[in-house]
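Let me begin by presenting the structure, written as structure tokens, before commenting on it.
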Amino acid sequence: MPISLKTTLAASVAFLAAGPSWAASGIGTAEVTLLADGRACFAVAATHAKRDPAARLLALSVVDVADPSARKMWSAQLWDMEGGGLPVSSFPCVAYGQAIQGGTASPAIELAEGRPYHVSLNVRPSDRSDPMRGYYAKFCILGRGAERRIQLIAEGSPDWSTGKCPS
């Protein structure tokens, strides 16, 4: 029985969201920023988007790292969109909970202040020989109101492995 593309992509997103500690090529660091409305926003690193602007975002997922079950907070599947995903050059970032025309998404659960989260972006490069297939980052949302900010958790730091927000 052949495995469908959707099954393969769903498994890839789950793998990326499981808490990586890879030193393998093909996985890069995602950009996480904060929008004026206080939502986190996720993107492929600008240097990678510039290098392969025709690469397509196929899926993204945000999980709660502090939850032992790695509770999924929000996910979006974009592989059914016309053209097979969202070209990485066509958007500055995807806002947390954003409905993307042509894609499907789960309801977004509010991200809590001071909790660590892991975002993974599954990407299909335009060149099959390009090993880059995904991007990930761990982050916390700290502060409230005008003080609200994103704090990235550095890979290899004690906070990365313990799943805690930097103090």
Interatomic distance, Ser161 atom OG to Lys138 atom NZ [nearest 0.5 angstrom]: 7.5 Å

side-chain contact (heavy atoms from CB on, under 4.5 Å) between Asn122 and Leu60, intermediate numbers included: CA-CA 6 Å; Asn122 189 308; Leu60 59 103; over 6 Å; no

Minimal non-hydrogen separation, Gly84 against Leu58, with atom names: O-CD2, 3.2 Å

Spacing of Ile150 atom CD1 and Leu35 atom CG [to the nearest 0.5 Å]: 9.0 Å

Modelled atom types, side-chain donor and acceptor of Asp159 and Ser157, under 3.5 Å: no

Whether Phe139 and Tyr117 hold their rings parallel, tilted or perpendicular, with breakpoints at 30° and 60°: tilted

Interatomic distance, Glu155 atom CD to Tyr136 atom OH [nearest 0.5 angstrom]: 3.0 Å

Student check: side-chain heavy atoms of Phe42 and Val62 closer than 4.5 Å: yes

Side-chain touch Asp52/Val88, heavy atoms, less than 4.5 angstrom: no

Shortest non-hydrogen contact between Pro87 and Pro53, atoms and distance: CB-O, 4.2 Å

Shortest non-hydrogen contact from Gln151 toward Leu142: CB-CD1, 3.6 Å

Over all atoms of both residues, closest heavy-atom pair of Ala30 and Val119: CB-CG1, 4.5 Å

Shortest non-hydrogen contact between Leu34 and Ala40, atoms and distance: CD1-N, 4.2 Å

Check: residues 91-98 side-chain donor-acceptor pairs under 3.5 Å, at least two apart:
unit_1, atom_1, unit_2, atom_2, d
Tyr96, OH, Met73, O, 3.1
Tyr96, OH, Ile109, N, 3.3
Tyr96, OH, Ile109, O, 2.4
Gln98, OE1, Ala95, N, 2.8

Pair listing, disulfide (SG to SG under 2.5 Å) test, anchored in residues 134-167, at least two apart: Cys140-Cys165

Pair Tyr135-Glu31, side-chain hydrogen bond (donor to acceptor under 3.5 Å, both in side chains): steps then yes or no: CA-CA 9 Å; Tyr135 299 84; Glu31 291 184 352; over 6 Å; no

Closest contact, heavy atoms only, Gly38 versus Arg148: O-NE, 3.0 Å

Can I get a per-line list of side-chain donor-acceptor pairs under 3.5 Å for residues 100-108, giving both atom names and the distance, sequence neighbours left out?
unit_1, atom_1, unit_2, atom_2, d
Thr104, OG1, Gln77, OE1, 3.1
Ser106, OG, Ser75, N, 3.0

Spacing of Leu111 atom CG and Ile141 atom CD1 [to the nearest 0.5 Å]: 4.5 Å

Side chain proximity check, Asp67 to Arg115, heavy atoms < 4.5 angstrom: yes

